[in-house]
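Chain letters run A, B, ... following the sequence lines, proteins first, then strands; residues in each count from 1. All heavy atoms count here, side chains included; hydrogens, waters and symmetry mates do not.
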Amino acid sequence: MAAAALCPCQAVLARRGGALRALCGSVRGLAAGTQTHFGFQSVTEEERREKINQVFESVAKKYDVMNDSMTLGIHRVWKDILVHKMNPCPGTLLLDVAGGTGDIAFRFINYIRSARERQLQRKLRQHQNLSWQEISESYQEEQFKPLGDSQVVVCDINKEMLKVGKQKAQYLGYSEGLSWVLGNAEELPFDDDKFDVYTIAFGIRNVTRMDLALQEAYRVLKPGGRFLCLEFSHVSNPIISRLYDLYSFQVIPVLGEVIAGDWKSYQYLVESIRRFPPQEELKAMIEDAGFFKVDYQNLNSGIVAIHSGFKL
Amino acid sequence: MLRGGGRGAAAVLRRAAAGGRAASGGHGQQPDPEQGHGQGSARPQPLEPSLLSFLVCPLSKRPLRYEEATNELINEELGIAYPIIDGIPNMIPEAARMIRKKPPAEDSKQA
């Protein structure tokens, strides 16, 4: 895909003006005209991107508050479970796509910090009887490295969300090992075989070309790397499904209006959840991108599901 | 810690420079992010040096060169520059500007 992009690139750039924009349009494969969905509406791909962009620009500041109120704080548990499932060790490179406000990134850093502390404690316990030579060597060693070379890169397509995330990071005191990039999940600005883990939490639903995003995920992961996707999914149990529908369509948009002053964005949210492929279909898409050992874990009877795959 | 970061940064930038353009001696190309940190509010926030080792152009997947003067990431081959705003690089192709012939005709940012 990179090679194909390069040739039209050079041809188009010979001309003036909005060449770059035209190039991007053609790279996305005549995307402008293709019909897709925005919630329950039918729109072109271009329109969809623009609408979603507007949704997130408008909700960015109240994003965390809304998450807490809509899910009654349970989203925190879901995200905790995701990071526990990841079980990263110090030295892991994480790419968090659509990670806007940084929830996964911060949890990752916390997890690494405690893992690192335990690691260092174990090391200390083993080294109780050191010779003077070894002790003096340990003083000359590099600085302490609380994260042990782990890094997380947060990539999001929306500037407002990243701004909120960066402010949160400053406020909560996260600075080391954390980077922010404005980028498109369908066209990641990262080189091949770079990351140990790729996560996308509640973001893949908003990607217009999911297949491209999954291919990019495959590309940037190292061999042996893990793909993790946390997303709203389908409830099979009919009773819970009814209650969930009731809650989604009656309560959530109202909350959206009351708390964020934005009914439409939250209407989009619940509609987009309904339009999203169910567990098995998403599993098939992930397998299509080349991942192996693809599996999913339902949380709360399927309201949310964690899909996992490996690049082998 | 700043000095250590500066040393690491210089090494990374040298590698990026060597990758991005024909070898014209990495030594001439040593923009100093340390200065950026020192002068803080006066200049736009510089890029975190560790990030530069990861970033490539989303279109061609080639390495980028950090241009300190305009605070941009430049892809020499395609002649485009990605802006860095508030320390966050904007890697959306539509937001990049072309540097080949003349100053930016349109500098529209999407996101």
Side-chain angles (χ1 to χ4, degrees), chain A residues 1-3 5-10 12-14 16-21 23-25 27-28 49-50 53 56-57 93 95 142-143 149 151 153-163 165-167 175-184 186-192 194-195 216 219-220, chain B residues 1-5 7-8 12 15-16 19 37 45-64 73 75-111:
Chain A
M1 193 184 142
L6 200 50
C7 302
C9 229
Q10 288 174 331
V12 163
L13 283 172
R16 304 172 306 171
L20 214 55
R21 224 175 288 129
L23 159 72
C24 300
V27 162
R28 290 211 180 88
R49 283 177 224 276
E50 188 46 43
N53 188 29
F56 282 94
E57 267 189 20
L93 279 167
L95 174 62
E142 274 185 41
Q143 76 272 46
D149 284 333
Q151 273 217 350
V153 179
V154 179
C155 179
D156 199 291
I157 199 173
N158 192 290
K159 204 180 340 163
E160 290 305 317
M161 295 289 281
L162 282 176
K163 258 179 27 188
K166 223 175 168 205
Q167 283 166 3
S175 56
E176 211 188 311
L178 178 61
S179 320
W180 309 84
V181 175
L182 220 171
N184 187 346
E186 299 166 5
E187 249 175 338
L188 288 173
F190 303 109
D191 213 350
D192 302 0
K194 275 276 174 215
F195 294 96
E216 282 290 275
R219 183 181 66 81
V220 302
Chain B
M1 189 172 126
L2 202 62
R3 217 166 286 135
R7 262 204 301 271
V12 165
R15 271 202 299 274
H37 277 295
Q45 276 187 19
L47 191 58
E48 256 201 65
S50 54
L51 189 53
L52 196 59
S53 58
F54 291 126
L55 288 175
V56 297
C57 172
L59 295 169
S60 64
K61 314 296 182 197
R62 295 305 183 93
L64 298 162
L73 292 165
N75 181 337
E76 290 292 341
E77 274 174 350
L78 300 177
I80 48 181
Y82 296 95
I84 299 174
I85 306 152
D86 293 334
I88 304 178
N90 184 338
M91 309 304 294
I92 310 281
E94 284 94 341
R97 71 175 179 95
M98 293 174 60
I99 55 174
R100 204 145 274 169
K101 284 168 194 165
K102 45 188 172 167
E106 300 156 303
D107 203 4
S108 60
K109 292 179 188 121
Q110 252 211 1

Can you say whether A:Leu95 sits under 4.5 Å from chain B via the side chain, the backbone, both, or neither, judging by heavy atoms?
neither
Which atoms of A:Val181 approach chain B - backbone, side chain, both or neither, heavy atom under 4.5 Å
both
Go through A:Lys194, A:Met161, A:Arg219, A:Lys163 and name the one with the most non-hydrogen pairs under 4.5 angstrom from chain B.
A:Arg219
Which heavy atom of [X] sits nearest a heavy atom of [Y], and at what distance?
{"X": "A:Trp180", "Y": "B:Ile88", "result": "O-CG2, 3.7 Å"}
{"X": "B:Ile92", "Y": "A:Ile157", "result": "CD1-CG1, 3.7 Å"}
{"X": "A:Glu187", "Y": "B:Pro58", "result": "O-CB, 3.4 Å"}
{"X": "A:Leu188", "Y": "B:Lys61", "result": "O-NZ, 3.0 Å"}

Interatomic spacing from SG in B:Cys57 to CZ in A:Phe190 - rounded to 0.5 Å:
12.5 Å
Roughly how far, to the nearest 0.5 Å, is the CG atom of A:Leu178 from the CG atom of B:Leu51?
10.0 Å
Does B:Phe54 have any ring pair (Phe, Tyr, Trp, His ring centres under 6.0 Å) partners at least two apart in sequence or in another chain, and if so, which?
A:Phe195
Just by distance, do the side chain of A:Lys166 and the backbone of B:Asp86 share a donor-acceptor pair under 3.5 Å?
yes
